[in-house]
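As the structure is a computational prediction, the values presented were derived from the model and not from experiment.
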Amino acid sequence: MDLKTELTRRLDEALGKYLQAEGADRPEGLAAGIEVPRNREHGDYATNVAMQLARLVKRSPRQVAQEFLTHFDGAGLVGETSIDGPGFINFRLAADATAAVLRRIVSEGAEFGKSRRGAGTRVLVEFVSANPTGPLHIGHARNAVVGDTVARLYEAVGYDVSREYYYNNAGVQMRVLGTTLRLRVDELVGRPVEWPESYYRGSYMIDIARRLIDEVGADQAVDRDDDFYTKYAAGEIIKTIEADLEAMDIGFDNWFLESGIYERGEVERTLDEMRARGAIYEEDGAVWFRATQFGDTRDRVVVKGDGTYTYLTPDIAYNQDKYGRGYDEVVTVLGADHHGQVPSLLAAAEALGHPKETLHYVIYQMVTLLKDGVALKLSTRSGEFITFKEMIDELGAGVVRYFFSMRSPDAQMTFDWGLAKDTSMDNPVYYVQYAHARCCSLMKKAQEEGCPYGGIDAADGTSRADLALLALPAEQAILRALGRLPEAIDTAARELAPHQVCNYLQEVAQLFHNFFTQGNNDPSLRIIQTDKPALTQARLAMIDALRTVLANALAVLGIEAMDRM
RNA sequence: GCCCCCGUAGCUCAGUUGGAUAGAGCGCCGGAUUCCUAAUCCGUAGGUCGGCGGUUCAAAUCCGCCCGGGGGUACCA
């Protein structure tokens, strides 16, 4: 259990006792809120519970705080409490509690930061889902990164996660794709070709045509039916998409074909279910979903006058299919250019009896690419000029992942290509990764200097780390920050907000770089001091924990922590 | 018209769901480093949190209206 959770538990306990002593019932929504004060001088954690109680018991917040503390047990956890400001209760963690963090990090290793909160809950994360009309390009990148990172966050807090890619290999777009392949084949075998107005012009279609000819021979490659060309092209493109995503360590558990929904009659079944629940009516020759009853701004047509579906209908059925496969929570990652249908889909899920909290849409805002002094707006419909693969080849998967994770999905972001290419510490990725590499190099250096790190609980007395020696404010600040990894991950997972992990990493890296560099001015602050083995061991224990924490946080972002740079 | 996201330092953005003196990175200016990686660090300056009202002990945060940027919207895939 992490420190924050433990403190919350004890505060809640104290709150219960306090209310009992007052003979009062717990008011709705009252809880001992806990936060990390902005200002370090106010301690490690603070609660505003006294201010909330003040109104209830009609005494001043500071007085309430004093009474409250008589019910609070901070043994082994809190070193010091104080009542400050308008009535905050501030907690300073006990020194041995911060040192205990190191033991925990060392014993949990790669598991530190994770939790089992979501154990037993199945969640489906659907993302990318670009139709296979061409290779992925830079306009798909934010979706891919946000989706995979959200999935990793769920995994980190114990959920059973599946990643799904949803696509369509029928419809107008796909027919055009098939026609394009037919014509490219004809062209390659020397037939005269007349190009229509609308076809996919990318050279990848020539490659696919060539592959088809190589595979089945020129005779068998020509004069096939449209369906054949469409399926072949889509299949080939899906393969390259899969390979491109693999280059960024993104893999899907399931590739879901839209046509399957129709083949299995799921659209009709879903409509029947909605009808049975009274969510559907007929008017003007069309079938309508009573979406306004479930929070949408207007009712929606689900079957048009000509008997065909609107684009909304199969999407509702697809969500229903996900629930039908036993997922407890369903997450979809969409660009802001596709967010219009979200209220309708939420309404439909609710109409079908699925609690609103189980259906999440992560809507990320548009990206502006800043490259060579030119700003260009990216959407999934634009951006073909840089492919996904070129971007990874040129910048590296880690940089791409960090840059797209760094910003809140809610924020429109500028992707600064020049900064991404920069390999100095101005580039936030390198700043963080270098902190990890620096830890590794310190461990190696210690070895070379003849004072190798002996582990936190080494039996050999000379190399045992005496953690109480880590008493400087800068060291304590680092230890406290390390201890906050679990809550950083947990909050990021709850809020579907990968950028919070980046913020955390930035903070930890900064604390470390600062401390390290101070050793240049003041030799007593250096990590390795051969004449002070006990202190060196203690600091190396901290470095070791730092290394673990940085690596674990980077892992949640899908980024490799490098040992040297 | 209606709906969604955003508006915070010169720039790019945080702000832990209503807390204490609003922060970081970059940039600017000034400084440190016989060094465990100079791929570093420290310091200064820089703010009407888009605007006006409201809610309360407390508002960048919640509510209403307005301004600005982006996106989406009709039995169209």
Side-chain angles (χ1 to χ4, degrees), chain A residues 4 33-39 41-42 46 48 51-52 54-55 60-61 84-88 90 168 171-173 283-288 296-298 300-313 335-344 361 363-366 368 370 377 379 406-416 419 422-428 430-431 433-434 437-438 441-446 448-449 484 487-488 490-492 494-495 497 499-500 502-504 506-507 510 513-521 523 525-529 536 539 543 564-565:
Chain A
K4 186 179 182 180
I34 185 168
E35 62 191 279
V36 179
R38 240 197 306 260
N39 189 334
E41 289 164 26
H42 293 129
N48 62 358
M51 271 129 54
Q52 293 183 60
R55 191 177 327 187
S60 82
D84 299 297
F88 288 100
N90 293 323
N168 183 5
V172 177
Q173 279 178 36
E283 195 175 288
D284 302 332
V287 179
W288 294 74
D296 201 354
T297 51
R298 49 171 298 161
R300 305 287 170 176
V301 171
V302 284
V303 184
K304 294 185 271 184
D306 65 3
T308 59
Y309 304 125
T310 60
Y311 63 90
L312 178 65
T313 318
D337 50 347
H338 293 112
H339 83 283
Q341 46 184 318
V342 170
S344 311
Y361 283 89
I363 307 298
Y364 61 89
Q365 298 297 315
M366 297 289 94
T368 299
L370 183 63
K377 200 140 266 159
S379 75
M406 194 162 62
R407 304 302 180 202
S408 161
D410 278 344
Q412 294 177 35
M413 62 167 280
T414 301
F415 190 101
D416 186 335
L419 181 61
D422 184 8
T423 55
S424 79
M425 285 218 203
D426 290 348
N427 185 330
Y430 288 90
Y431 187 79
Q433 284 189 317
Y434 184 56
R438 179 169 263 172
S441 108
L442 277 167
M443 297 304 267
K444 207 162 66 186
K445 178 87 179 172
E448 289 162 11
E449 302 271 321
R484 288 200 343 261
E487 62 190 70
D490 195 72
T491 307
R494 271 181 212 283
E495 300 181 8
H499 71 285
Q500 294 187 5
C502 295
N503 291 342
Y504 173 79
Q506 165 71 34
E507 184 187 335
Q510 184 175 7
H513 284 309
N514 289 3
F515 181 67
F516 176 88
T517 314
Q518 278 170 33
N520 292 335
N521 295 323
L525 296 176
R526 293 165 65 92
I527 311 292
I528 300 169
Q529 299 175 52
T536 300
R539 288 193 175 152
I543 297 300
R564 44 181 310 179
M565 299 177 67

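- Protein atom CD of A/Q365 is 16 Å distant from nucleotide atom P of B/U12, rounded to whole Å.
- In this structure, A/L442 places its CG atom 11 Å from P of B/C36, rounding to the nearest Å.
- Distance CZ (A/R407) to P (B/G15): 11 Å, rounded to an integer number of Å.
- Remark: side-chain polar atoms of A/R564 are not paired, donor with acceptor, to backbone N or O of A/S441 under 3.5 angstrom.
- Summary of the strand contacts: A/D410 and A/L525 both lie near RNA chain B, and taking for each the nucleotide with the nearest heavy atom, the more 5' one is attributed to A/D410.
- Both stacking criteria are satisfied for A/F88 over the base of B/A20: a centre-to-centre distance under 5.5 angstrom and an angle between ring planes under 30 degrees.
- Across all strands, A/D284 comes closer than 4.0 Å to base atoms (heavy-atom distances).
- The partner of B/C35, taking Watson-Crick or G-U wobble pairs whose two distances both stay under 3.5 Å, does not exist in any strand shown.
- Residue-level contact check: A/G305 touches the bases, meaning some heavy atom is under 4.0 Å from a base atom.
- The side chain of A/T414 lies closest to B/U12, out of B/C36, B/A14, B/U12.
- Atom C1' of B/C28 sits at a distance of 16 Å from the matching atom of B/U12, rounded to the whole Å.
- Considering only the side chain of A/R438, B/U37 comes nearest among B/C36, B/U37, B/G72.
- Within 3.5 Å, a donor on the side chain of A/N48 pairs with an acceptor on the base of B/G19, or the reverse.
- For the pair A/D426 CG and B/U12 C1', the interatomic distance rounds to 13 Å; values are reported in whole Å.
- For A/A437, the side-chain atoms get nearest to B/U37 when compared with the rest of B/G71, B/A74, B/U37.
- The pairing partner recorded for B/G7 is B/C67, the criterion being a Watson-Crick or G-U wobble arrangement whose two distances lie under 3.5 angstrom.
- Glycosidic conformation, B/U17: syn, with the torsion inside 90° of 0.
- Both A/T308 and A/S424 lie close to RNA chain B; mapped to their nearest nucleotides by heavy-atom distance, the more 5′-ward contact belongs to A/S424.
- The CG atom of A/L419 sits 17 Å away from the P atom of B/C11 (whole-angstrom rounding).
- Rounded to a whole Å, the CD1 atom of A/I527 is 17 Å from the P atom of B/C35.
- Nucleotide B/G27: unpaired (no Watson-Crick or G-U wobble partner with both distances less than 3.5 Å).
- In the set B/U40, B/G69, B/A14, B/G69 carries the atom at the smallest distance from any side-chain atom of A/Q412.
- The same atom, P, is picked in B/C13 and in B/C76; the two are 37 Å apart, to the nearest Å.
- Remark: A/Q529 is not in phosphate contact with B/C36, judged by side-chain N or O atoms under 4.0 Å from OP1 or OP2.
- A distance of about 38 Å separates the P atoms of B/G27 and B/C63, rounded to the whole Å.
- Rounding to whole angstrom units, CD of residue A/Q506 and P of B/A24 are separated by 11 Å.
- Residue contacts shown for A/M413 are limited to sugar-phosphate atoms, with no base heavy atom under 4.0 Å away.
- If you take OH of A/Y309 and P of B/C76, they are 17 Å apart, rounded to a whole angstrom.
- A donor-acceptor contact under 3.5 Å is not formed by the side chain of A/H339 with the base of B/G72.
- Rounded to the nearest Å, the gap between the C1' atom of B/C6 and that of B/C49 is 14 Å.
- No side-chain donor from either of A/T414 and A/D416 sits under 3.5 Å from a side-chain acceptor of the other.
- Between B/C29 and B/G69, the two C1' atoms lie 32 Å apart (nearest whole Å).
- Applying the 4.0 Å criterion to OP1 and OP2 of B/U40, one finds that A/Y430 has every side-chain N and O outside that range.
- Distance check on atom P: B/G47 versus B/G10 gives 7 Å, rounded to whole Å.
- Residue-to-nucleotide contacts include a donor-acceptor pair under 3.5 Å from the side chain of A/N90 to the base of B/A20.
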